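Below is one structure, written out as structure tokens, with a few remarks after it.
Keep in mind it's a predicted model, so treat the numbers as computed, not measured. For this chain, numbers begin at 1 and follow the sequence in order.
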Amino acid sequence: MKLAASIILATYCPDEIRYGYCQESFVQLKETGLPRKWYEIIVIDNGGIHRDLIDQLGADLVITNSRNIGQAAALNQGVAVARSPNLVLIDDDLAYRKRWLAMAVKMVNYYPEAVISLRHDADPKGKYIVGITRRGHKIAKRAGGIWTMRRAIYDLVGPFGQGYFDWGGLWTRNMRRKGMRFIISKTPYIFHVGADHSLLGKSRSKWKSFLGLS
């Protein structure tokens, strides 16, 4: 059976704070809106104290690294073994609306030559927004991580840079040179709750409100 998506999760959990993020995130991740047999979950474990949480995910494949090789290299490892033509690249401190994966697959079918972001717009002033699609989604020069794309786009642009920080910066520039673009969902489905720079920050009440839990 052809898979609708390959979820590639890069994770590293060095302390109890990160463990808490992973614990909440991994539960919400399962609310995909698609039958489990329609997608695979590939986990790249860069180390930490959360092996029990990884086991509970019921992943199709877990790649365990002997050290933290960084998010970019971990995602590249996952892409190398992914079986679906649709790649969903995520990390471990996210919150999800229900049916998030169903929407990701729907959007990548709408825009097969674009990279899709379901995250809340991290650019409130619209500096990088260059247009609106007929469906109301935003066309952007850049977008936060957590991307869905056709495997063909990744193959054309090339692997992610191996740095720990700004791993997508050079990749994004190369993507744009190839004439590709980002499409940001008009309705956010994924929220980066663990980052200080997130629009939602670390406020539990804010992201619960966004997720419709309050």
Side-chain angles (χ1 to χ4, degrees), residues 5-33 36 39-82 87-101 104 117-122 124 143-148 160-169 188-214:
S6 293
I7 299 174
I8 301 171
L9 167 63
T11 180
Y12 172 59
C13 182
D15 53 42
E16 292 294 337
I17 293 176
R18 192 73 180 190
Y19 185 95
Y21 288 145
C22 292
Q23 189 171 36
E24 294 191 46
S25 179
F26 289 4
V27 170
Q28 295 178 21
L29 184 154
K30 297 177 182 179
E31 300 290 339
T32 64
R36 179 62 179 87
Y39 61 91
E40 65 178 349
I41 300 175
I42 300 170
V43 177
I44 301 88
D45 179 9
N46 273 339
I49 60 174
H50 65 330
R51 186 65 198 210
D52 59 324
L53 301 181
I54 293 174
D55 291 341
Q56 292 169 22
L57 270 174
D60 298 272
L61 176 65
V62 177
I63 299 172
T64 302
N65 293 315
S66 59
R67 60 182 178 84
N68 181 12
I69 63 173
Q71 185 180 17
L75 292 175
N76 289 333
Q77 283 183 317
V79 171
V81 296
L87 307 175
V88 183
L89 310 173
I90 61 176
D91 58 24
D92 57 14
D93 61 347
L94 305 175
Y96 302 84
R97 285 187 189 273
K98 291 183 178 180
R99 303 192 73 255
W100 68 272
L101 183 60
S117 175
L118 298 183
R119 269 182 57 180
H120 191 276
D121 183 5
I146 322 306
W147 298 336
T148 301
F160 298 115
Q162 300 297 305
Y164 279 82
F165 302 102
D166 193 31
W167 59 269
Y189 276 79
I190 295 178
F191 306 87
H192 208 162
V193 300
D196 291 326
H197 61 269
S198 169
L199 283 182
L200 296 179
K202 295 184 178 180
S203 169
R204 182 179 296 267
S205 63
K206 284 185 179 179
W207 63 262
K208 275 196 170 185
S209 175
F210 271 108
L211 293 169
L213 300 176
S214 61

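Considering CG of L53 and SG of C13, their distance stands at 7.0 Å, rounded to 0.5 Å. A distance of 9.5 Å separates OG1 in T11 from CD1 in I44, rounded to the nearest 0.5 Å. The distance from the OG1 atom of T148 to the CD1 atom of I190 is 6.5 Å, given to the nearest 0.5 Å. Distance CZ/F191 to CG/D93: 14.0 Å, rounded to 0.5 Å. Atom CD1 of I146 and atom CD1 of I90 lie 7.5 Å apart (nearest 0.5 Å). Between the CG atom of L89 and the CG atom of N76 there is a distance of 9.0 Å, given to the nearest 0.5 Å.
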> Which is it for E31 and L101 under the side chain to side chain contact (heavy atoms under 4.5 Å, CB included) test, yes or no, and what are the steps along the way?
Replying inline: CA-CA 8 Å; E31 300 290 339; L101 183 60; over 6 Å; no

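Here the side chains of I49 and D15 are not in contact, with every heavy-atom distance at 4.5 Å or above. Looking at W147 and L87, their side chains never come closer than 4.5 Å, going by heavy atoms from C-beta outward. Proximity of Y12 to Q71: side-chain heavy atoms (C-beta onward) are nowhere separated by under 4.5 Å. Between D92 and F26 there is a side-chain heavy-atom pair separated by less than 4.5 Å. Side-chain contact between D52 and Q23 is absent, with no heavy-atom pair separated by less than 4.5 Å. Side-chain contact between Q77 and I42: absent, with no pair of heavy atoms (C-beta onward) separated by less than 4.5 Å. Side-chain atoms of V27 and Q56, non-hydrogen and from C-beta on, never get closer than 4.5 Å to each other. Proximity of W100 to T32: side-chain heavy atoms (C-beta onward) are separated by under 4.5 Å at one or more points.
The minimum heavy-atom distance linking G47 with H50 is given by the pair O-CE1, 3.6 Å. Between G161 and A72, the shortest heavy-atom distance links the atoms O-CB, 2.6 Å. Taking both residues in full, the closest heavy atoms of L61 and V81 are given as CD2-CG2, 3.7 Å, listed atom of the first, atom of the second, then distance.
Judged purely by atom type and a 3.5 angstrom limit, N65 has no side-chain atom pairing as donor or acceptor with the backbone of R67. One N or O on the side chain of D60 and one on the backbone of I41 form a donor-acceptor pair closer than 3.5 Å. For the pair N68 (side chain) and N46 (backbone), a donor-acceptor distance under 3.5 Å is absent.
For E40, the side-chain hydrogen bond (donor to acceptor under 3.5 Å, both in side chains) test picks out S6, R83, with sequence neighbours left out. Among residues two or more places apart in sequence or in another chain, the salt bridge (Lys or Arg N to Asp or Glu O under 4.0 Å) test is passed with R99 by none.
Here salt bridge (Lys or Arg N to Asp or Glu O under 4.0 Å) pairs that include residues 69-79, with residues two or more places apart or in two chains, number zero.
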